[in-house]
Amino acid sequence: MLNLHVPEGINYECSGCGHCCLGWPVPLTTEDYVRICEYEESAAGGASGARAAMRALDGGSDPALTKFTHSLEKRADGRCEFLTEDDRCRLHVEAGPQMKPTICQLFPYNFTETPSGIYASVSFVSSAALFNAGRPLSEQNGLLEQKWEQFRRVFPEGSRNWSEIQLFSGQPLKWDEYLQMDSRLLELLRAEQPEGIERRLAACSRYLVRQAPRGVDFERMPPVEARPKVVDQLLVKWLMEFYLTEDVYACSSFDLYSQALFADCAKPPPAVMVADGDAKCSFNQLLSFELGLLEPDSEDLLSRFVYNKVFGKLYFGAGLAGLSVLGGIHHLLWLIALIRLKAKILCISQERTRLDFQEWAEIVRTLERRLTRVTYSAESTFALEILITSPERVGRILTIAR
Ligand code: SF4
């Protein structure tokens, strides 16, 4: 019997906006490649442009991607070859959903296999997921089971390795122990108080710190020339450039430059500015501009984004970069802080006080796109753990992002 866990409060049904079909090359299995080429050639009565739109992949080193032999490239305007003027998938319209590439059929569902079952979640690249549009996932079990079967056929490598999870770096954790913490974390994230998902994440952090043996020192940063507040600023600058780069698909770098970040910490620049395109802000400007509580729909978006990641186990261990549970919760808190800081920079540079929901959604979409592409070397994971595990740093980043 399939032990499929489905999150509450997360809705999704395709709204047909076409946003998912922009910008990213779609990986194709050999079956996808043959099926689509044959369909296109049969429809054209001979040669078609389909083969030219698909590039053979060289295999690469990522074992999760060895199933994919080709890639469906985008046109010069960033749109998929099969996206019609009215933002429909021509393959779907003409020949049904089974004609689409497998990855397109699976999108935006994600499944994380763990020792306690399979956890479903969705990608917030999708407009419907961002807007929470459609029926709740919890009412779509039959469809999710089908998607899981399809997902398993494409990614048959089996259960991810959850045998080496840690509460914090150096503190091993058994899966059963984690599960008890997991229910408390989800409870804290869904609580009505405190308001603001960043504060509820901080409550999760305090809860996890209390689970650690007495006397543990979470301040693990080696001595560097930069003062702690300057390290905070450098981390904001680097992570902002890393996660919220505008054109995530044009960016060819997928790993945090942890060595360069540490080099900056060891020999800090005279002043640190945070940039978003042409807009630049000092930390004094960021500190003196307060966003406060967001509008309910924007706050709900950030809360769903976090809840979906925690429920789906996509924030620690085999779910993200091998981070510890505490490191993973702090990393999520940093992501929310970066989203808020990006909003602050926009407001300051455009002399506004608020962003509307659509603008918040686009920031979250950019971040989620980036998260689907980044890879973390062992050095990056180590650097993140050292830099973000500190509860004191969490307090300071919350102040900058308030
Ligand atoms: S094949 Fe269809 S569903 Fe997939 S990206 Fe292209 S237009 Fe979108």
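As the structure lists them, so they are numbered: ligands from 1, and atoms in each ligand from 1. Because the structure is a prediction, the values reported are computed rather than measured.
By the criterion of a separation under 2.8 Å, the protein N/O/S atoms near atom 8 (Fe) of ligand 1 amount to Cys21 SG.
One finds a salt bridge joining Glu113 and Arg152 here, because a Lys/Arg side-chain nitrogen approaches an Asp/Glu carboxylate oxygen to under 4.0 Å. Salt bridge status for Arg35 with Asp32: present, with a side-chain N to carboxylate O gap under 4.0 Å. For Glu368 and Lys309, the salt-bridge test passes: some basic side-chain N is under 4.0 Å from an acidic carboxylate O.
Scanning for side-chain contact (heavy atoms from CB on, under 4.5 Å) contacts around Gln98 gives Gln105, with sequence neighbours left out.
At the shortest separation from atom 1 (S) of ligand 1 among protein heavy atoms lies Pro101 CD, 3.5 Å.
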* Asked: Could you go step by step and tell me if His331 and Tyr243 meet the ring-ring contact (aromatic ring centres under 6.0 Å, His included) rule?
  -> CA-CA 12 Å; His331 182 249; Tyr243 281 126; 5.5 Å; yes
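At a threshold of 4.5 Å between non-hydrogen side-chain atoms, the residues Ile197 and Leu332 do not count as touching.
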